[in-house]
Amino acid sequence: MSSATELTSGEARAWGSRAVAIGIASIVAILLGAAVLLFINLPDANAFNARVERLFVETDFTTQRELRLLEVLAQSGTAFGEVLTSYRTIIFVLLVFATAMMIAAVAFLVMLVALNRRMGQIERKGIEVNSLLISRESNTVYLNNFEFKLTEAATETLAVLAEARMDDEVLSGAQIEAVISGRDASQCDEAAGATRIKRLRDTLGNQMVSELLVRNIARKGYTLAVDKAAIRMV
């Protein structure tokens with residue numbers, strides 16, 4: 001059973017969801033504040049035209065050259081306003097893109113942190129097996145409703161470990177070989193049982209599943225990291 005300090009998968013998801021929500025809200029708030037400050041401090045697109053108009057009102061232009069110069073200034077002001085408007089659009093698009101990228105980065109970061117925490121928990125206490133069904137007739141193992149097709153030898157080895165687990169026993173390699181071969185443990189080699197364990201792990205395929213399901217207790221032997229109430233054999 002999990003201790004109070006360990007994080008269940010549901011708690012991990014809830015923690016990850018809260019962290020993502022807080023992170024996204026913070027990012028949106030920061031970028032929104034930056035956008036507001038940026039757009040407030042940008043010059044008005046019509047500021048140049050307003051200055052030209054004020055110059056026209058306050059100054060008495062009489063010659064054709066002066067009027068032509070004023071016309072050029074007005075056209076420059078219009079061009080400046082159009083450029084500034086396009087800059088505003090570009091800045092807005094870049095801010096939206098930056099927001100999306102930062103939200104994605106926070107989401108992936110939180111997912112990685114939650115996954116690392118979950119993997120650390122699995123490494124500390126092993127696989128959470130809710131059901132382990134061993135079918136000797138079909139050489140099939142159902143682990144949490146996942147089907148594993150095993151060889152006959154691997155099925156026999158797993159069945160021996162399951163029976164020992166239900167009796168709260170830890171078997172050495174020699175004892176495993178003795179049960180399977182029907183000989184006395186004193187006549188069996190420790191390496192033979194270890195080889196059977198290795199072949200069982202190889203047959204299971206997934207290294208994490210096999211290494212954490214079949215536990216090796218130093219100077220004692222091998223056992224299944226499974227609650228004995230979850231084991232059934234047919």
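These values consider heavy atoms only, across backbone and side chains, with no hydrogens, waters or symmetry-generated copies. Residue numbers start at 1 and run along the sequence shown.
- By the neighbour-count criterion of 12 heavy atoms within 6.0 Å, atom NZ of K198 is sparsely surrounded, having that number or fewer from other residues, nucleotides or ligands.
- Taking the side chain as every heavy atom from C-beta outward, N139 and T151 never approach each other to under 4.5 Å.
- Here the side chain of D184 pairs a donor or acceptor atom with the backbone of S186 at under 3.5 angstrom.
- Side-chain contact between I176 and L161 is present, with heavy atoms from C-beta onward closer than 4.5 Å.
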Criterion side chain to side chain contact (heavy atoms under 4.5 Å, CB included) on E156 and R136, from CA distance to verdict: CA-CA 7 Å; E156 194 63 30; R136 284 177 166 172; 4.0 Å; yes
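- Proximity of L150 to L200: side-chain heavy atoms (C-beta onward) are separated by under 4.5 Å at one or more points.
- Note on L95 and I30: separate hydrophobic clusters, where clusters join Ile, Leu, Val, Met, Phe, Trp and Tyr whose side-chain heavy atoms are under 4.5 Å apart, directly or indirectly.
- Looking only at side-chain heavy atoms (C-beta outward), S181 and Q187 stay at 4.5 Å or farther from each other.
- Listed by first and then second residue, the salt bridge (Lys or Arg N to Asp or Glu O under 4.0 Å) pairs involving residues 23-37 amount to none (not counting sequence neighbours).
- Residues T223 and L171 have side chains not in contact (no heavy-atom distance under 4.5 Å, counting atoms from C-beta outward).
- The closest donor-acceptor contact from the side chain of K149 to the backbone of V141 lies at 3.5 Å or more, if one exists at all.
- Using a 4.5 Å heavy-atom threshold, the side chains of L132 and L224 count as touching.
- Looking only at side-chain heavy atoms (C-beta outward), S172 and K220 stay at 4.5 Å or farther from each other.
- Of the possible donor and acceptor atoms, one in the side chain of E190 sits under 3.5 Å from a partner among the backbone N and O of G173.
- Taking each heavy atom of C188 and A174 in turn, the nearest pair found is CB-O, 3.6 Å.
- Salt-bridge check for E177 with R183: passed, with a basic side-chain N closer than 4.0 Å to an acidic carboxylate O.
- Placement of V170 and V160 in two distinct hydrophobic clusters is found when ILVMFWY residues are connected by side-chain heavy-atom separations under 4.5 Å, directly or transitively.
- Atom CZ of R196 and atom CG of L158 lie 13.0 Å apart (nearest 0.5 Å).
- With T203 contributing its side chain and R201 its backbone, the two residues share no donor-acceptor pair below 3.5 Å.
- T157 has its side chain out of reach of R199: every pair of non-hydrogen atoms, C-beta onward, lies at least 4.5 Å apart.
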